[in-house]
Structure formats: C-alpha cells, structure tokens
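Shown next, in structure tokens, is the structure this report addresses.
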Amino acid sequence: MNPTQHTPTRRAVAALTAQASATRLQAAMVVGTQSDPSVVTVLVERCAVEPDFFVRDMLTWALTRLPEAVTLPRLVAELTSERAQARSQALHTLSKIKNRSVYPSIVGSLLRDPDDEVARTAWRAAVVVVPEGQEEALAAELVTQLGRGDRDMWLSLSRALVGLGEAVKPALAAGITGADPRTREHAHATLLLLDDPDADYDTLIEEAGRLAERKELGG
C-alpha cells in the first residue's frame, strides 16, 4: 500500500517534517500505529536528519513495528552512510530489533568509527546481537577501544564489555598489561565494574588509576 493512498498515513508522513517537535512526535506515533511497510524509506531517511531525541526514538519504534524483511536491508544499507546520525540511528534501531543476522554488518569498522556517538552505539548494538559463541571474539575487538575519549565514552565501553559477561575477562586481562596507561586504567575499571555492576563508576576509575599506576611502577 502506498502511503499517499491512505489518508491518515499520508498526513502523518507529511507531518514528520513539521516545525514543532511535538507535531513530529505525534506523526511518528501515527505512522508506527499504521505499520505500513511502504513508509520504511521515509522513516529511515527522517532518522538521519531528525534533531529531536524523542522523535528519533519514536521513529525507531515505528520501524520496529514493520516486517524485518522490509526494515533490515534498509537499515543495514544505512550503516555505510556518510552522515554520522544516519549510522548511529540505524545501529540503535537494529539493537531494538535484535536480529542476530546483522552482526557481521556491525563488527569491524563501525566499532572504531571516528564519530564517538556512532562508535558507542555500535558497541551497544554489537553486544545485543552477537551470536552465541562469538562473545570472546567481540570482546577482543572492543578492547582495542580502551582508553578512547572522555569519561562517558569509557563508561559506554565498560558497560558494553560487561554485557558480554565472563567472556570478556581474557581480553581485559591483556588490557591491564598493555603499555598505554589509559588502556590499563580503563581495563581495570571495567573489570571492577564486572565484579560490581552497581558501583559508582567514578570511584572505580579512581581505584583503577591506582592499580594501573602500581603496574607502571612494577608493583
């Protein structure tokens, strides 16, 4: 069905570009309720440019209500977009759909994407869709990003690694013996978080810094 032939859907699609974010939010909700597969391209393209977080989340919800046979190919294609928001939002939506067949499209360069938001979204998505038995291999990929960015980036990566459970320990063990002090500190902080997921992360970083420094001094 073409959305231009269905009045509620047609009006909602047109409202996705309205000036008021509340109007766009309502429009995305209506489109999602209609569950019309013909709007997949409109939704994906809007995700790439929508400035409001809540509207983007509603667009993701609308996409999750469509058949995966329609959404997955379009979202995977978006992972190679030159627009960072297009890549990050496609990754976010794929993490909500949770179809493991997209895993090969996520691992690799997206985990090292130069855009921080894309990278951290790729970390989360990869952990959600990693096939059983490939957790250690994913952990080995993720630890290459230890020490990257600011405190929030560290927390995002630590949480992703902790999401892999015990499978992450061999990779983190290598991290705490690395030459780079930031890598060692981040690896220690992640191991501490694995032991106590409810702990205050800033406190863990302080403790990790002491552990990393002790290693550097040969203690």
Rounded to the nearest 0.5 Å, what separates atom [atom1] in [X] from atom [atom2] in [Y]?
| X | Y | atom1 | atom2 | result |
| --- | --- | --- | --- | --- |
| H92 | R120 | NE2 | CZ | 13.0 Å |
| Q89 | F53 | CD | CZ | 8.5 Å |
| L146 | D180 | CG | CG | 9.5 Å |
| E78 | R83 | CD | CZ | 9.0 Å |
| I97 | E68 | CD1 | CD | 6.0 Å |
| E206 | L192 | CD | CG | 12.0 Å |

Does [X] reach the side chain of [Y], with side-chain heavy atoms less than 4.5 Å apart?
| X | Y | answer |
| --- | --- | --- |
| D115 | S88 | no |
| T190 | V168 | no |
| T144 | L111 | no |
| S38 | T9 | no |
| R159 | V127 | no |
| L43 | V31 | yes |
| R112 | Q145 | yes |
| M153 | L157 | no |

Walk me through whether T93 and T71 qualify under side chain to side chain contact (heavy atoms under 4.5 Å, CB included).
CA-CA 10 Å; T93 305; T71 56; over 6 Å; no
Identify the heavy atoms of [X] and [Y] that sit nearest to each other, and give their distance.
| X | Y | result |
| --- | --- | --- |
| Y201 | S158 | OH-OG, 2.7 Å |
| A84 | V118 | O-CG2, 3.3 Å |
| R182 | R148 | NH2-C, 4.2 Å |
| Y103 | L138 | OH-CB, 3.4 Å |
| A167 | A139 | O-CB, 4.3 Å |
| A90 | L75 | CB-O, 3.7 Å |

Take K96 and L63 through the test side chain to side chain contact (heavy atoms under 4.5 Å, CB included) and record every step on the way to the result.
CA-CA 10 Å; K96 296 299 183 182; L63 283 164; over 6 Å; no
Reference residue V162; test side chain to side chain contact (heavy atoms under 4.5 Å, CB included); the match among L191, L172, D195, L193:
L193
Run through I176, I205, L204 and flag the one making a side chain to side chain contact (heavy atoms under 4.5 Å, CB included) with H188.
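In the set I176, I205, L204, the residue that makes a side chain to side chain contact (heavy atoms under 4.5 Å, CB included) with H188 is I176.
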Check: [Y] main-chain N/O paired with [X] side-chain donor or acceptor under 3.5 Å:
| X | Y | answer |
| --- | --- | --- |
| R24 | A18 | yes |
| Q85 | E50 | yes |
| R65 | G32 | yes |
| E135 | G133 | yes |
| T17 | A14 | yes |

Contact list for residues 159-186, test ring pair (Phe, Tyr, Trp, His ring centres under 6.0 Å), sequence neighbours left out:
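Residue pairs passing ring pair (Phe, Tyr, Trp, His ring centres under 6.0 Å), neighbours aside: W154-H186.
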Can you list the residues that meet the salt bridge (charged side-chain N to carboxylate O under 4.0 Å, His left out) rule with D113, with sequence neighbours excluded?
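Once residues adjacent in sequence are excluded, the partners of D113 under the salt bridge (charged side-chain N to carboxylate O under 4.0 Å, His left out) criterion are R87.
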Run the numbers on L94 and V129 for side chain to side chain contact (heavy atoms under 4.5 Å, CB included), then give the verdict.
CA-CA 9 Å; L94 289 170; V129 301; 5.9 Å; no
Answer with yes or no whether the hydrophobic clustering places L66 together with V30; edges join I, L, V, M, F, W, Y residues whose side-chain heavy atoms lie under 4.5 Å apart.
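No, L66 does not connect to V30 through the hydrophobic network.
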Candidate pair W61 and T33, rule side chain to side chain contact (heavy atoms under 4.5 Å, CB included), full reasoning
CA-CA 10 Å; W61 172 77; T33 302; 3.9 Å; yes
